[in-house]
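Encoded as structure tokens, the structure appears first; notes follow it.
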Amino acid sequence: MNDLLMARYIRLVATVLGIRQRPQEYDSLRQQINQRIKTLRLGDPEAYYNLLITDPPTSQSQAEWQKLVQALTTTETYFFRDRNQFSLLRDDILPDLIDAKRRQAMGQGQAPSLRIWSVGCATGEEAYSLAILLHELLADYDCWDVQIVGTDINQQAIQQAQSGIYTDESFRATTPDFQRRYFRRQWDSWLINPEIHQLVTFQPGNLVRLNAAVPMVYSTPQH
């Protein structure tokens, strides 16, 4: 693949996926593209590029974008991964937000509500961590309308997040008591408790194309 076509691929990935490749990542992208060309038995890199830019998109072109997404995104995460971030949420941001939402609801004669958007949620550990954190902070939890939305461009990761099933690797920053309190053993894995699971919904989301108008608390992307 010549440098000109490679530059077109780099721009295309940034435009469609919002993923900007650093120079040290160019070889990896080139390898992924060459592997797909070989798998699909295409004649050359130009043919694969034309497949990706098919307009309107076909099922094959959409499937190819997901192949690239899976190759270019990181799904490595675990519960309460960023301790500083969650400490800030627990001690400062969420208590103030909860108080404000509670006062607002009282003035309107409604149940208090809270919406949180976990961007780049990967396999869901961050979004569920937020749900667990809110469950611990809200003494009147049953009176609240809490909705947490986790989005990620990687549809395979979203499917795993929706299952709510995790291996021991996802608990490397937590204690055994945490696992027993919020999960139940399922063979060699752990299934999140229904009361936490129901607080979180997951959906594929491409920030380049997503138009979200609902005010939310944004958590740090994992990618």
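Note: hydrogens, waters and symmetry copies are ignored here, and every other heavy atom, side chains too, is used. Predicted model only: the values in this text are computed from it and were never measured.
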Name of the residue among Tyr78, Tyr182, Phe79 meeting side chain to side chain contact (heavy atoms under 4.5 Å, CB included) with Thr174
Phe79
Identify the heavy atoms of [X] and [Y] that sit nearest to each other, and give their distance.
X	Y	value
Arg20	Ala14	NH1-CB, 3.9 Å
Val69	Ile153	CG1-O, 3.5 Å
Met1	Tyr9	SD-CD1, 3.7 Å
Cys143	Pro112	O-CD, 3.7 Å
Ala122	Ala161	O-CB, 4.2 Å
Gln85	Asp82	N-OD1, 3.0 Å

Between [Y] and [X], do the side chains contain a donor N or O and an acceptor N or O under 3.5 Å apart?
X	Y	value
Trp117	Thr151	yes
Ser118	Glu126	yes
Thr39	Gln35	yes

Considering only NZ, NE, NH1 and NH2 on the basic side and carboxylate oxygens on the acidic side, decide whether [X] and [Y] come within less than 4.0 Å.
X	Y	value
Arg8	Glu46	yes
Arg30	Glu25	no
Asp177	Arg181	yes
Asp27	Arg22	no

Keeping Thr54 on the side-chain end and Pro57 on the backbone end, is there a donor-acceptor pair under 3.5 Å?
no
Between the main-chain N or O of Ile33 and the side-chain N or O of Arg36, is there a donor-acceptor pair closer than 3.5 Å?
no
Evaluate the side-chain contact (heavy atoms from CB on, under 4.5 Å) criterion for residues His135 and Glu195: first the C-alpha distance (whole Å), next the side-chain angles of each, then the deciding distance (0.1 Å), finally the verdict.
CA-CA 9 Å; His135 189 270; Glu195 63 180 352; 3.7 Å; yes
So, taking the atom named [atom1] in [X] and the one named [atom2] in [Y], what distance separates them when rounded to the nearest 0.5 Å?
X	Y	atom1	atom2	answer
Ile10	Tyr26	CD1	OH	4.0 Å
Ile116	Leu130	CD1	CG	5.5 Å
Leu191	Ile196	CG	CD1	12.0 Å
Leu94	Leu89	CG	CG	5.0 Å
Arg185	Arg180	CZ	CZ	11.5 Å
Leu42	Glu64	CG	CD	8.0 Å

Worked verdict on Leu134 versus Leu199 for side-chain contact (heavy atoms from CB on, under 4.5 Å)
CA-CA 10 Å; Leu134 281 173; Leu199 297 178; 5.7 Å; no
Do [X] and [Y] make a side-chain contact, defined as non-hydrogen atoms from C-beta onward lying under 4.5 Å apart?
X	Y	value
Leu114	Leu97	yes
Ile158	Gln203	no
Arg103	Met106	no
Asp145	Arg115	yes
Trp65	Val16	yes
Asp168	Gln179	yes
Gln60	Leu40	yes

Does [X], at its [atom1] atom, have more than 12 non-hydrogen atoms belonging to other residues, nucleotides or ligands within less than 6.0 Å?
X	atom1	answer
Gln156	CD	no
Gln24	CD	yes
Arg83	CZ	no

Using the six-membered ring wherever Trp is involved, compare the ring planes of Tyr128 and Tyr166 and label them parallel, tilted or perpendicular (cut-offs 30° and 60°).
perpendicular
Specify whether Phe178 and Phe183 have parallel, tilted or perpendicular ring planes, treating 30° as the upper limit for parallel and 60° as the lower limit for perpendicular.
tilted
Look at the side-chain heavy atoms of Ile, Leu, Val, Met, Phe, Trp and Tyr, link any pair under 4.5 Å apart, and say whether Ile165 and Phe202 land in one connected group.
no
With side-chain contact (heavy atoms from CB on, under 4.5 Å) as the criterion, how do Leu52 and Leu68 come out once you've worked through the C-alpha distance, each side chain's angles and the decisive distance to 0.1 Å?
CA-CA 10 Å; Leu52 292 176; Leu68 283 180; 3.8 Å; yes
Can you list the residues that meet the side chain to side chain contact (heavy atoms under 4.5 Å, CB included) rule with Ala157, with sequence neighbours excluded?
Thr75, Thr123, Asn154
Before you tell me yes or no, could you show the steps for Asp140 and Arg102 under side-chain contact (heavy atoms from CB on, under 4.5 Å), namely the whole-Å CA-CA distance, both residues' side-chain angles and the distance that decides it to 0.1 Å?
CA-CA 10 Å; Asp140 53 347; Arg102 187 178 280 119; 2.9 Å; yes
